[in-house]
Amino acid sequence: MLVVMKFGGTSVGSVRALTQVVNIVRKARNEGHDVVVVVSAMSGVTNLLLDAAHRAEAGDETSAHQARQQIEQKHAEATLHFLGNTPQRDSVMATIRPLLDEFESLCHGIHVLGELTPRALDVIGGLGERMSVPQVAAILSNAGVTAQGVEATELIVTDRRHGSAVPIIEDTAQKTQAGLRPLLAQGVVPVVTGFIGATKEGITTTLGRGGSDYSATIIGRALKADEVWIWTDVNGVMTTDPRVVPEAHPIGRLSYAEISELSFFGAKVLHSQAIRPARRVGMPVRILNTFEPDHPGTLITAESPVNGKTVKAIAAIKGMSLVTVAGPGMIGIPGVAGRTFTAVARTHTNVLMISQASSEQSICFVVPTADVTRVIDALEQELIREIERRDLDRVKAEDNTVVLAVVGSGMKGMPGVSGRLFGALGKEKINVIAIAQGSSEYNISIVIAQGDADSAVKAIHKEFELEKP
Ligand code: ADP
Ligand code: ASP
Ligand code: MG
């Protein structure tokens, strides 16, 4: 079988983790599988790179050099442990150092210009994966698993949306097959940079934070892989974020529909778009724990057996703003909803949830707070005449809100789920600001104040007895 395995930041971020990576890949090879490895940057590296770039823009001259030293140190330690003082290690470090030089000179340029473009940010953000790849490939090869580093910019072709690029399927399939098939035929394990791709013109893009998951499923689809295994630091997708609810526990099976709701609404364990390539072709995806490789983790396929639970999992996405378009003339103005969302679309903002009461007096929707100023400006421009005539009020936004998504295919057609849900929140005196239920009935989304988020998740988790296996 052909398996694409993705190892996340913590899974390649320490000597202990990298030892596990070697064992996992070797075992799969010994069992006769063809393996493509996709790797993230060592944990913390992407943040160091991006922070330094932002600081350089803000006038800070020294952060880049400090970040460089920290990153170099991490790689120097890992390579020393696995490769010793050998020419092999020298060669890996000789690949990494020029990338760090590039990082420093880019930050210098940003500092001088006082400007950081999305295009430069993608080049800088992607450097961590480009340093991780030669390191992992050398460690695997040294352990007897022949491996070769491959730049995803040679495989994944994307549009030009820097920071959240979207793959172009046909071009990617063709390049990925041409790039990886020959290596697989020779029994070599390709080790590919996660997170990045390139436009048709060859300009580096990134797939969004946490994007290495997406890289793995894009490559899996392009190669018609049998399965994609996402190796991370927990035993699969859990009933909720284990950092918020320590009683959360792994869910054995999920459907594509369920995981796509969870990841869209912020379950960090999988990038929000990553399931899409797999879903298109029915390719199974597993979420597995690098540090406990024998645990079965979560298997994601088209169908998931109903596990006797109505609600299976809860996700929460923070840093959101609720925008309201309302006014006395709302009912009389044709096409207000259409014009509202067209104006929002022009700002390229992701709308997470929409809710309109049937009285039609108002429409409200949720966008990331980072985008809310642009959204309000666009709406006020679009609706300027109606606002001047007082048919509509000024557009309002409530910041510091959270969307909670309560997910499970067992909720479909089950009466009383929302009753229990709102009862549980009521008992905790949590005020619900807005509600939406998708027609799929896999998901009920609720907007609440950010300060209530953790207690709301705990209350719902308890109400639906998610702590019980
Ligand atoms: P990686 O570096 O392997 O991609 P991430 O940090 O991106 O790992 O994602 C894994 C983390 O996601 C877990 O350590 C956990 O803290 C967090 N997380 C949030 N929600 C969930 C969930 N529902 N199930 C599992 N993990 C979750
Ligand atoms: N290293 C990138 C990030 O931190 C991509 C990833 O880890 O998936 O966002
Ligand atoms: Mg991740």
Side-chain angles (χ1 to χ4, degrees), residues 5-14 17 20-21 24 38-51 71 121-122 124-133 152 156 163-165 192-197 205-218 228-252 254 258-275 286-292 295 297-298 300 311-318 404-408 453-454 457 460-461 466:
M5 294 191 187
K6 174 257 174 176
F7 293 93
T10 32
S11 300
V12 294
S14 64
Q20 294 291 97
V21 172
I24 289 165
V38 174
V39 293
S40 292
M42 293 181 85
S43 50
V45 168
T46 312
N47 283 345
L48 281 169
L49 295 167
L50 296 177
D51 284 352
I71 296 168
L121 199 60
D122 273 358
I124 292 173
L127 288 169
E129 274 68 13
R130 294 176 61 203
M131 292 185 265
S132 184
V133 153
I156 297 180
S164 54
V192 184
T193 46
F195 189 39
I196 55 181
T205 52
T206 62
L207 304 170
R209 293 306 308 268
S212 302
D213 302 327
Y214 199 12
S215 310
T217 55
I218 293 168
V228 172
W229 297 359
I230 306 285
W231 292 96
T232 182
D233 57 2
V234 284
N235 282 332
V237 181
M238 321 217 8
T239 48
T240 194
D241 188 336
R243 290 166 299 185
V244 176
V245 181
E247 299 79 32
H249 65 84
I251 308 167
L254 283 173
E258 289 169 329
I259 189 70
S260 71
E261 299 282 357
L262 287 171
S263 59
F264 182 76
F265 288 102
K268 194 192 169 206
V269 65
L270 195 71
H271 179 276
S272 66
Q273 306 300 312
I275 207 61
R286 290 176 199 274
I287 314 287
L288 298 161
N289 190 347
T290 303
F291 304 94
E292 216 177 298
H295 191 285
T298 302
I300 305 165
V311 169
K312 273 196 188 165
I314 312 157
I317 185 159
K318 297 188 178 171
L404 290 192
V406 179
V407 173
D454 289 357
V457 171
I460 300 168
H461 202 270
L466 297 186

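Note that the coordinates shown come from a computational prediction; the quantities given were computed from them, not determined experimentally. One-based numbering, in listed order, for ligands and for the atoms of each.
- Of all protein heavy atoms, the one lying nearest to atom 14 (O) of ligand 1 is Asp233 OD1, 2.7 Å.
- Proximity of Val237 to Leu270: side-chain heavy atoms (C-beta onward) are nowhere separated by under 4.5 Å.
- The single protein non-hydrogen atom nearest to atom 2 (O) of ligand 1 is Gly9 N, 3.0 Å, given as residue, atom name and distance.
- At the shortest separation from atom 4 (O) of ligand 1 among protein heavy atoms lies Lys6 NZ, 2.9 Å.
- Electrostatic pairing of Lys318 and Asp454 counts as a salt bridge here, judged by a charged N lying under 4.0 Å from a carboxylate O.
- Between Glu129 and Val38, the closest side-chain pair of non-hydrogen atoms is not below 4.5 Å.
- No donor-acceptor distance shorter than 3.5 angstrom exists from the side chain of Thr193 to the backbone of Arg130, with no hydrogens or angles considered.
- Between Arg243 and Lys268 there is a side-chain heavy-atom pair separated by less than 4.5 Å.
- Protein residues are said to neighbour a ligand when one of their heavy atoms lies under 4.0 Å from it; for ligand 2 these are Ser40, Thr46, Glu129, Phe195, Arg209, Gly210, Gly211, Ser212.
- Not a single heavy atom of Ala315 sits closer than 4.0 Å to an atom of ligand 1.
- Annotation: side chain of Glu292 is in contact with side chain of Asn235 (closest heavy-atom distance under 4.5 Å).
- Proximity annotation for atom 21 (C) of ligand 1: of Asp241, Asn235, Val234, Val12, Asp241 comes nearest, heavy atoms only.
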Side chain to side chain contact (heavy atoms under 4.5 Å, CB included) evaluation trace for Arg209 with Leu50:
CA-CA 11 Å; Arg209 293 306 308 268; Leu50 296 177; 3.7 Å; yes
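- Side-chain atoms of Lys6 and Ser11, non-hydrogen and from C-beta on, never get closer than 4.5 Å to each other.
- Side-chain contact between Trp229 and Ile24 is absent, with no heavy-atom pair separated by less than 4.5 Å.
- There is a side-chain donor-acceptor pair under 3.5 Å between Asp122 and Thr206.
- For the pair Ile156/Val192, no side-chain contact is recorded, criterion being any heavy-atom separation below 4.5 Å from C-beta on.
- Side-chain contact check for Val245 versus Thr239: every heavy-atom pair is 4.5 Å or farther apart.
- Using a 4.0 Å cut-off between heavy atoms, Arg209 makes no contact with ligand 1 at all.
- At the shortest separation from atom 16 (O) of ligand 1 among protein heavy atoms lies Arg243 NE, 3.1 Å.
- The residue Ile230 has no part lying near ligand 1, judged by heavy-atom distances below 4.0 Å.
- Counting heavy atoms closer than 4.0 Å to ligand 1, residue Pro242 contributes side-chain atoms (C-beta onward) but none from N, CA, C or O.
- Within the set Thr232, Val269, Val245, the minimum heavy-atom distance to atom 12 (O) of ligand 1 is found for Val269.
- The protein heavy atom nearest to atom 24 (N) of ligand 1 is Met238 N, 2.8 Å.
- Of all atoms in ligand 1, numbered sequentially from 1 with element shown, those under 4.0 Å from a heavy atom of Val237 are 24 (N).
- Scanning the protein for heavy atoms near atom 6 (O) of ligand 1, the closest one is Lys268 NZ, 2.9 Å.
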